[in-house]
Amino acid sequence: MSKKIFVTGGAGFIGSHLVQRLVNEGHKVVVADILLRGNKINPETFRKIQFHQADVRDSAAMLELSKGCDLIYHFAAVLGVDVVADNPVETMDTEIIGMRNICHAALTNGIKKIMYASTSGIYGHSAIDQTVTETINVDPRTSYAIAKRYNEIYLAAMYQEKGLESISVRFFNIYGPGQDERMVIPRFLEQARKNKPITVYGTGEQTRDFTYIDDTIEACMLLTEKIKGSEIYNIANEHEISIRDLAEKIVALSASKSPIQFLESPSKRYDYEVGRRWGSSEKLFGITGFKPGIGLEEGLNYVLNSPLKRVV
Ligand code: UDP
């Protein structure tokens, strides 16, 4: 059934893929985005949505724009390790004030369900020696991860106090066409394309669990049907790879002449660098029968062959 859906951050990397999917499924989509780093919605999809350059910190705008909607995807965020470190106030305000405004808008406008973009950063160093399910103790270190965790708890309270239902999705290093160089994969791909050194921070032994965007959106769609109470779900590929191996894979797949250069982690990152990050999608699988299954090599090839150009 066609719905009217409000998407914050809909012009960003994950948001724009989400909007595309919602439009393809015949929904009416209202997007609010401040276009801080460009608009990643393709022109054809853009013509089919209602777009507003609006900030989630603006309560009146959120209240007005979400009127008549059945559901909210709250995906607006300041992100990228370096950007967050340089903009701590904006990061926190966007998270905390943004969430307050979104919940207020939902409650005022009778919108019953929210999906919120959280982060695997919440696990911090707790992924070192255990399977990362949603029930393990979290260990958020950065202001970004702390704010995301705060919002998850806030959403749980909104359900208890007001009956507002939600799912927070904890994304594990999502990648795909249209992502910009704040994140490691597009950065390495660009370095490889230009045959410049691939800048691996530290020993490169730190691991990440890279999840392809199409799998991510599929998981979000399936979970949307299951929003009940206030729940948290990992969206992870369940395969970890070291950053050094990632660099080598990217050089090989792009037939690049780039050497791999090991650099000291920039000071902004050093204190927060997580040695190991990988997640379990068992809970997601349990409720939807789906798990992200696109392997890293397959996903990287999709990115390499995508006509989508970076917008920023
Ligand atoms: N990284 C790197 N070189 C770069 C950028 C990132 O080695 O030019 C590493 C970074 O230290 C981290 C991983 O790649 O271990 C993922 O970084 P990203 O900023 O994409 O996301 P994070 O997982 O740190 O939030």
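As the structure lists them, so they are numbered: ligands from 1, and atoms in each ligand from 1.
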[atom]: the protein heavy-atom neighbour that sits closest, reported with distance to 0.1 Å:
{"atom": "atom 23 (O) of ligand 1", "value": "R208 NE, 2.6 Å"}
{"atom": "atom 15 (O) of ligand 1", "value": "E273 OE2, 2.8 Å"}
{"atom": "atom 13 (C) of ligand 1", "value": "I243 CD1, 3.6 Å"}
{"atom": "atom 5 (C) of ligand 1", "value": "Y201 CE1, 3.5 Å"}

Give a yes or no on whether [X] atom [atom1] has more than 12 heavy-atom contacts from other residues, nucleotides or ligands under 6.0 Å away.
{"X": "H52", "atom1": "NE2", "value": "yes"}
{"X": "E298", "atom1": "CD", "value": "yes"}
{"X": "K291", "atom1": "NZ", "value": "yes"}

Close side-chain approach of F171 to N234, heavy-atom, < 4.5 Å =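 Counting from C-beta outward, F171 and N234 never come under 4.5 Å.
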query = What is the ring orientation for Y175 with Y212, classed by angle as parallel under 30°, tilted 30 to 60°, or perpendicular over 60°?
reply =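 Perpendicular, since the angle between the ring planes exceeds 60°.
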Under 4.0 Å to a heavy atom of [X] - the qualifying atoms of ligand 1, by number:
{"X": "T199", "result": "2 (C), 3 (N), 4 (C), 7 (O), 8 (O)"}
{"X": "F188", "result": "2 (C), 3 (N), 4 (C), 7 (O), 8 (O)"}
{"X": "Q206", "result": "11 (O), 15 (O)"}
{"X": "V200", "result": "7 (O)"}
{"X": "V81", "result": "19 (O), 24 (O), 25 (O)"}

Qualifying residue for side-chain hydrogen bond (donor to acceptor under 3.5 Å, both in side chains) with S118, from R149, K148, E152 =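 It is E152, the one option of R149, K148, E152 that forms the side-chain hydrogen bond (donor to acceptor under 3.5 Å, both in side chains) with S118.
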task = Applying side-chain hydrogen bond (donor to acceptor under 3.5 Å, both in side chains) between E240 and each of Q206, R208, R276, report the one that passes.
result =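 In the set Q206, R208, R276, the residue that makes a side-chain hydrogen bond (donor to acceptor under 3.5 Å, both in side chains) with E240 is R276.
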key: Minimum non-hydrogen distance to atom 21 (O) of ligand 1, winning option of I174, V84, N173   =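 Of the listed residues, N173 has the closest heavy atom.
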query = Which of these, R276, M183, R269, has its nearest heavy atom closest to atom 19 (O) of ligand 1?
reply =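 The residue whose heavy atom sits nearest atom 19 (O) of ligand 1 is R269.
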message = Please report whether ligand 1 has a polar contact with V274, defined as an N or O pair separated by less than 3.5 Å (distance criterion only).
response =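 No.
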Polar contact flag for S265 and ligand 1 (N/O pairs, less than 3.5 Å) =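 No; the residue has no nitrogen or oxygen that sits under 3.5 Å from a nitrogen or oxygen of the ligand.
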task = Work out whether the distance between some heavy atom of Q191 and some atom of ligand 1 is less than 4.0 Å.
result =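 The answer is no, since Q191 has no heavy atom less than 4.0 Å from ligand 1.
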ask   = So, are R187 and D180 salt-bridged, with charged N and O less than 4.0 Å apart?
value =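 Not counted as a salt bridge, because no side-chain N and carboxylate O are separated by less than 4.0 Å.
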task = Could you tell me whether Y73 and F6 have their ring centroids closer than 6.0 angstrom?
result =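 No: the rings miss the under 6.0 Å criterion.
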ask   = Given that the side chain starts at C-beta and the backbone is N, CA, C, O, which of these parts of V184 lies under 4.0 Å from ligand 1, counting heavy atoms, or is it both or neither?
value =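 It is both backbone and side chain that touch ligand 1.
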ask   = Taking the six-membered ring of Y123 as reference, does the NZ or CZ atom of R170 fall below 6.0 Å from its centre and within a 45° cone about the axis?
value =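 The answer is yes; both the distance and angle limits are met.
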